[in-house]
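Down below is the structure, laid out as structure tokens.
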Amino acid sequence: MNKSEIIQAYESAKKRYAKLNVDTDSILEIMNNISISIHCWQGDDVGGFETPDSELSGGGLQVTGNYLGKARTISELRQDYEKVLSLLPGTHRVNLHAIYGEFGGKKVDRNEIGPSHFQGWIDWAKKNDVSIDFNPTLFSHPKADSGFTLSSKDKHIRDFWIKHVKKCRKIAEYIGKAQKDVCINNLWIPDGTKDIPIDRYGHRRILKESLEDIYSESLDSNAIKDSVEGKLFGIGSESFVVGSYDFYLAYASQHPDIMICLDMGHFHPTENVGEKIPSILQFQDSLLLHVSRGVRWDSDHVVILNDDLLSVAHEVIRADAVKRTYVALDFFDASINRLGAWVIGTRSTLKSFLIALLEPKEKLKKLEEDKKLFERLAYLEHMKQMPFGAVWDYYCLKKGVPVGVDYIDSVLQYEQDILGKRV
Ligand code: RNT
Ligand code: ZN
């Protein structure tokens, strides 16, 4: 499609939405404010840059695939990020794990890391007009091999990880101050067991105590916002996950400053994650999403525009909670071009929000209140055939990024010029 065709299609879509009282121009203004935190770990299969070279191990995270072009250094990762950002409409964020610091070829253990290891990222982010989010890394480390970190009965192990998370909070606060924009610091731990444990209570008691210790230090809330991420099961923690959803939901409800993180792969496959949002937002100021796609299990497939994703976006928009919801991606697929995976997942997430914003919310609410339920269903079905694609294409055009699948050529060119040479 050429430029005038895109504009023409938009003008006609705009008229159709206007008939439903939906103003597409003002929705595109809102789209500008939806920024997605793009996870660094899609670029190198959750490897990180510790010395000696770390390999993904422990924690039940598994990346499958062996596609060419994995980022081998921080500069390669940044180069990839820049390419990805150039293919996305809007302003987005960069989500770092603690193992992605610049350790200068030295062995810096997790309990010794500090802001200086992330200064390079801060400088780079500033140049690229993005903000950074952060995550402590409590996996891929010998002290996580027992399957327990913050909930370990071994005080030595536990203290090591408590110290790590405390250091990470300071780093996140430092980043937040430097970028003058809050840095989300999300905590996920791999703790759990393969088989049925006896002392679930004991481990959860210890985890609670560790968290109390960690979060007792109050930091600048304009610079750091903490969140905790629960999970249902992992590889090797099928029978028991210490940091379950119930655990963290209860914890967060007692700690108003701490957000709950909903990872879309961390629930029973038949559970509707979107449906949880209007409940949580009654009690919490804000919420973090890990947008992911589980296929039969928490497989972290590339996010696509499916019903699960739409449900999440719809519930955020219907609750009028764009400003209260932080959206981060969490998937890792090494079986296809890693940049392509990033671009597809981020674009699909943005599209889901656009579709949700284009819904005639007030009209549907009125039908519901008037008990016109057949009409409500008819409109919901009708919305599926409305030309949101024309609005999306126009948005991309306006933002100066590839329209439709035009980004394919750009990704393939990059593969030929850059990724293919990483051998
Ligand atoms: C693991 C969690 C967690 C990680 C990242 C790498 O199941 O989803 O968020 O994927 O921290
Ligand atoms: Zn996650």
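On a predicted model such as this, the values are computed, not experimentally measured, just so you know. Below, all heavy atoms of this structure are taken into account, side chains as well, without hydrogens, waters or symmetry copies.
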How about [X] and [Y]: are their ring centroids closer than 6.0 Å?
X: Y245; Y: F267; result: yes
X: W121; Y: Y100; result: no
X: F331; Y: H39; result: yes
X: H141; Y: W161; result: yes

Spell out, as yes or no, whether a donor-acceptor pair under 3.5 Å connects the side chain of [X] to the backbone of [Y].
X: S210; Y: L150; answer: yes
X: R324; Y: D285; answer: yes
X: H92; Y: I36; answer: yes
X: S239; Y: K194; answer: yes
X: Y81; Y: I38; answer: yes

Handout entry: Steps toward side-chain contact (heavy atoms from CB on, under 4.5 Å) verdict (K177, D220)
Key = CA-CA 9 Å; K177 281 184 179 158; D220 179 353; 3.5 Å; yes
Distance-only donor-acceptor pairs under 3.5 Å for side chains of residues 349-359, two or more places apart:
unit_1: T349; atom_1: OG1; unit_2: G345; atom_2: O; d: 2.7
unit_1: S352; atom_1: OG; unit_2: T349; atom_2: O; d: 2.7
unit_1: E359; atom_1: OE1; unit_2: R318; atom_2: NE; d: 2.8
unit_1: E359; atom_1: OE2; unit_2: R318; atom_2: NH2; d: 2.7

Flag the pair [X] and [Y] as a salt bridge only when some basic side-chain nitrogen lies within less than 4.0 angstrom of an acidic carboxylate oxygen.
X: D44; Y: R338; value: no
X: E76; Y: K70; value: no
X: R293; Y: D300; value: no
X: R93; Y: D133; value: yes
X: D417; Y: K83; value: no
X: E368; Y: K365; value: no
X: D226; Y: R169; value: yes
X: K14; Y: D25; value: yes
X: D123; Y: K127; value: no
X: E217; Y: K166; value: no

Exercise for the section: Could you walk me through whether M264 and L289 pass side-chain contact (heavy atoms from CB on, under 4.5 Å), step by step? Expected result: CA-CA 8 Å; M264 292 174 64; L289 297 171; 6.0 Å; no
For [X], look at atom [atom1] and say whether over 12 heavy atoms of other residues, nucleotides or ligands are found less than 6.0 Å away.
X: D129; atom1: CG; result: no
X: I196; atom1: CD1; result: no
X: D307; atom1: CG; result: no

Handout entry: Interatomic spacing from SG in C168 to CG in L187 - rounded to 0.5 Å
Key =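 So the SG of C168 and the CG of L187 are separated by 9.0 Å.
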Return all side-chain donor-acceptor pairs below 3.5 angstrom for residues 272-284, not counting sequence neighbours, or 'none' if the list is empty.
unit_1: N272; atom_1: OD1; unit_2: G274; atom_2: N; d: 2.9
unit_1: N272; atom_1: OD1; unit_2: E275; atom_2: N; d: 3.1
unit_1: N272; atom_1: OD1; unit_2: S311; atom_2: OG; d: 2.9
unit_1: K276; atom_1: NZ; unit_2: E271; atom_2: OE2; d: 2.5
unit_1: Q282; atom_1: NE2; unit_2: P278; atom_2: O; d: 2.9
unit_1: Q284; atom_1: NE2; unit_2: A252; atom_2: O; d: 2.9

Problem - Polar side chain donor-acceptor pair, D191 to H203, under 3.5 angstrom - result: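 Distance-only check fails for D191 and H203.
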Practice task
Answer yes or no for R347 and W342: cation-pi contact, defined as NZ/CZ to six-membered ring centre under 6.0 Å and angle to ring axis within 45°.
Solution key: no
Practice task
Report the C-alpha separation of Y174 and F118 in whole Å, then their side-chain angles, then the decisive distance to 0.1 Å, and conclude whether the ring pair (Phe, Tyr, Trp, His ring centres under 6.0 Å) test is met.
Solution key: CA-CA 9 Å; Y174 180 85; F118 294 88; 9.7 Å; no
